[in-house]
Amino acid sequence: MRIATWNINSLRLRLPLLERLAAEAAPDVLCLQETKVVDDSFPRAAVAGLGYEHMAFRGMKSYNGVAILSRRPIEIVEDRKFCGREDCRHVAARIDGLDLHCLYVPAGGDEPDPAVNDKFAHKLDFLDEMASWSRSLNGGGRPVVLAGDFNVAPLETDVWSHRQLLNVVSHTPVEVERLDGAQAAGAWVDAVRRFIPPEVRLYSWWSYRARDWAASDRGRRLDHVWVSPDLAGRLRGASVLREARGWEKPSDHVPVIVDLAA
DNA sequence: ATGGTAGTTTCACTA
């Protein structure tokens, strides 16, 4: 099973890019974030036309929104209202007996101080809830995958400059500590770093604001796929589709792809 | 230290 996660930054605007991803990488299952479409307007027919006939989505007006697109039937759909909010940051689907959770962690605003920045406080709360919630997911004997835009680049090699980003939201020690706590809570395995070792620099996001994203290459690895320990033995490969950042009218994130043995 | 771009509910908000 090939699983991809992608913050697509408006699903409707990027349907042509979704088609290109389906053609070039052929994921069996796709987790999307920032779909930015209410459920009534979800482009079901276009998505089904790409071969993803089974879908689960939670959308709202303008912001956020998550979706799981699948070639295989979806057995159960759930969502969780993290931090007591209905802001469409989570949807889960059971596919072939595997529970797949699609997550969109709050970005957290600009100021990395929860006392003055409510968005940053929300992000820290969300990551703490990810820890307590995901702890309870594991141990059920069922394989679990957590995938999405976690909006944190945890390793020094997950950013273009560890030193220059220490006080920049997405790479501050307090966020990294929270994300590490969530990972430890479920003993989650970072699937991508099983294949691309931590010594190797790796990004999944490049700002739109760069004059030339590829030349400056000031990226961050914000998008992650974590698998439950019992799934680690089924991992067969992982990649980040860097070239997608150069596609026409791109998202600022690129797809992250993980292969699991059947 | 600043400003840069993109998407959506636009002269404002989020990322």
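Chain identifiers are assigned alphabetically (A, B, ...) following the order of the sequence lines, protein sequences preceding nucleic acid strands; residue numbering begins at 1 within each chain. Just so it is clear, the values below take in all heavy atoms, side chains as well, and ignore hydrogens, waters and symmetry mates. Computed from a predicted model, the values in this text were never measured in an experiment.
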Query raised in the report: Does a side-chain N-to-carboxylate-O contact under 4.0 Å join D128(A) and R178(A)?
Result: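 Salt bridge flag = yes for R178(A) with D128(A).
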Report task. Indicate yes or no: does D96(A) engage R72(A) in a salt bridge with an N to O separation below 4.0 Å. Result ->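 The answer is yes: the pair qualifies as a salt bridge.
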Rounded [atom1] spacing from [N] to [M] in Å:
N	M	atom1	answer
dG3(B)	dA15(B)	C1'	15 Å
dA12(B)	dA1(B)	P	28 Å
dC11(B)	dG7(B)	C1'	16 Å
dT9(B)	dT14(B)	P	14 Å
dT5(B)	dT10(B)	C1'	15 Å

Query raised in the report: Is R12(A) touching bases, backbone alone, or none of the nucleic acid, heavy atoms closer than 4.0 Å?
Result: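 Touches nothing.
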Query - DNA chain B: 5'-proximal contact among K36(A) and G109(A) (nearest heavy atom) - result: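 Result: K36(A).
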Query - Of A210(A) and N151(A), the one whose closest DNA chain B nucleotide lies more 5' - result: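 That would be A210(A).
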Query - Qualifying ring pair (Phe, Tyr, Trp, His ring centres under 6.0 Å) pairs, either residue in residues 68-90 of chain A, two or more places apart - result: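 Sorted pair list: F82(A)-H90(A), F82(A)-F126(A), F82(A)-W133(A), H90(A)-H101(A), H90(A)-W133(A).
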Query raised in the report: Does any pair with a residue in residues 10-31 of chain A pass ring pair (Phe, Tyr, Trp, His ring centres under 6.0 Å), and if so which ones, sequence neighbours excluded?
Result: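 Qualifying pairs, neighbours excluded: none.
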Report task. Please work out whether the ring planes of W206(A) and Y203(A) are parallel, tilted or perpendicular, with thresholds of 30° and 60°. Result ->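 Perpendicular, since the angle between the ring planes exceeds 60°.
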Query raised in the report: Between Y208(A) and W213(A), does the ring centre distance come in under 6.0 Å?
Result: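 For Y208(A) and W213(A), the ring centres are not under 6.0 Å apart.
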Query raised in the report: Tracing side-chain links under 4.5 Å among I, L, V, M, F, W and Y, which residues wind up in one group with W205(A)?
Result: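 So far as hydrophobic clustering goes, W205(A) is joined with L222(A).
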Query raised in the report: Which pairs with one or both residues in residues 41-56 of chain A pass salt bridge (charged side-chain N to carboxylate O under 4.0 Å, His left out), sequence neighbours excluded?
Result: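 Every pair satisfying salt bridge (charged side-chain N to carboxylate O under 4.0 Å, His left out) with a residue in residues 41-56 of chain A: there are none.
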Requested in this report: Mind listing the residues from residues 56-64 of chain A sitting with a heavy atom below 4.0 Å of DNA chain B? Number order is fine.
Outcome: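 DNA chain B contact set from residues 56-64 of chain A: K61(A), S62(A), Y63(A).
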Query raised in the report: Going 5' to 3' on DNA chain B, which nucleotide is the first and which the last to come under 4.0 Å of a heavy atom in chain A?
Result: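 Reading along DNA chain B, I get dG4(B) to dA15(B).
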Query - Side-chain donor-acceptor pair present, T172(A), E175(A), cut-off under 3.5 Å - result: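 Distance-only check passes for T172(A) and E175(A).
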